[in-house]
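Reminder, nothing fancy here: chain letters follow the sequence lines and each chain counts from 1. The figures that follow rest on heavy atoms only: side chains count, while hydrogens, waters and symmetry mates do not.
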Number of protein chains: 2
Amino acid sequence: MKNVTLNVEGMSCGHCVNAVEGSVSKLQGVSEVKVNLENGTVDVEYDAAAVGVDAIKETIDDQGFDVK
Amino acid sequence: MKNVTLNVEGMSCGHCVNAVEGSVSKLQGVSEVKVNLENGTVDVEYDAAAVGVDAIKETIDDQGFDVK
């Protein structure tokens, strides 16, 4: 398992947390997702053999947030 | 039809707009709901014979926002 911390802009409330955690956790190969609203970060634990960071970023972007 | 403008705290993003507009518009007697994120206000047009302001406020409160 690998871990990555992404900087994500535009997450402002619990709905945003649910949108990000809900969508990313559905990706095959992702075992854990944790949004930190105060820091504007998303910690993801994933299996690099099953999913790439680009796909994770794209999923967050698709929810309407900017991944830096 | 009557109109009321409510001051609502905690609405920060499009998800919040959807939560408020979606829930209030489902109330019988409510004909229009419009959230203004920048002002933190919710404009509601309603039939006073069918629904009261208290029920509208309670619906918004149930979505996790403070109605002032």
Could you name each residue pair satisfying side chain to side chain donor-acceptor pair (under 3.5 Å) that touches residues 29-53 of chain A, not counting sequence neighbours?
-> A/T5-A/D43, A/S31-A/E45

Enumerate by number any residue of residues 13-28 of chain B whose heavy atoms lie under 4.5 Å from heavy atoms of chain A; in the absence of such residues, state 'none'.
-> B/C13, B/H15, B/C16, B/A19

Donor-acceptor pairs are to be reported for all side-chain atoms of residues 50-68 of chain B against protein atoms at under 3.5 Å, with residues two or more places apart or in another chain.
{"residue": "B/T59", "atom": "OG1", "partner": "B/A55", "partner atom": "O", "Å": "2.9"}

